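These numbers come from a predicted model, not from an experiment.
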Amino acid sequence: MTSAGRKGTTTDRRLEQAIVKLLEQRGPTATICPSDAARAVYSGDGDGWRDLMEPARRAARRLVTAGEVEVTQGGHTVDPAGARGPVRIRRARRGAPPAGRASE
């Protein structure tokens, strides 16, 4: 599955799985916010999901590295390592190199 071959906490794996599942439940060109995954994984009351925002962004970065998703800002693919501010996550568009990597 998404976290095969990668180490991480149970929460890390759950966030990766939540991102993939949320995208699968939407149309092929749909995007999600990292907060959608954080909310899906958080099991408490209130806004404690906010503590999962950076872990959700890291999960998205791992999925970018795996070629499963892309991170966007303003509708354009960005390198998630350098992205500041609000981002969206979408399924990887096959045939395009991941952001931050040169095509060969």
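Nearest approach of Ser35 to Met53, heavy atoms of both residues: CA-SD, 3.4 Å. Across all their heavy atoms, Trp49 and Ala38 have their closest contact at O-CB, 3.6 Å. Annotation for Ala60 and Ile19: closest pair N-CD1, 3.8 Å, computed over non-hydrogen atoms. A pairwise comparison of heavy atoms in Ala92 and Gly67 identifies CB-O, 3.2 Å as the closest pair. Considering all non-hydrogen atoms of both residues, Leu52 and Thr11 come closest at CD2-CG2, 3.8 Å. In this structure, Gln73 and Arg84 approach most closely via the heavy-atom pair NE2-O, 2.7 Å.
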- Message: Please evaluate residues Thr10 and Arg13 with respect to the criterion side-chain hydrogen bond (donor to acceptor under 3.5 Å, both in side chains), reporting the C-alpha separation (whole Å), side-chain torsions for both, the decisive distance (0.1 Å), and the verdict.
- Response: CA-CA 5 Å; Thr10 300; Arg13 288 187 297 276; 3.3 Å; yes
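Linking ILVMFWY residues whenever their side-chain heavy atoms come closer than 4.5 Å, directly or via other members, leaves Val41 and Leu23 in distinct clusters. Leu22 and Leu15 sit in two unconnected hydrophobic clusters of ILVMFWY residues. Membership requires side-chain heavy atoms under 4.5 Å apart, directly or through other members.
The distance from atom CD1 of Ile32 to atom CD of Gln25, rounded to the nearest 0.5 Å, is 9.5 Å. Between the CD atom of Glu68 and the CD atom of Glu16 there is a distance of 8.0 Å, given to the nearest 0.5 Å. Note that CD of Glu70 and CZ of Arg88 are 14.0 Å apart. Values are rounded to the nearest 0.5 Å. Rounded to the nearest 0.5 angstrom, Asp36 CG and Ile89 CD1 are separated by 8.0 Å.
Residues Glu24 and Arg91 meet the side-chain proximity criterion, which asks for heavy atoms closer than 4.5 Å. A heavy-atom distance below 4.5 Å is not found between the side chains of Val20 and Gln17.
No option in Thr29, Thr31, Thr77, Thr72 other than Thr77 meets the side chain to side chain donor-acceptor pair (under 3.5 Å) test with Arg90.
With sequence neighbours excluded, the residues forming a side-chain contact (heavy atoms from CB on, under 4.5 Å) with Arg61 are Glu54, Arg57, Arg58, Pro80, listed by chain and number. Annotation: salt bridge (Lys or Arg N to Asp or Glu O under 4.0 Å) contacts of Asp45 (sequence neighbours excluded): none.
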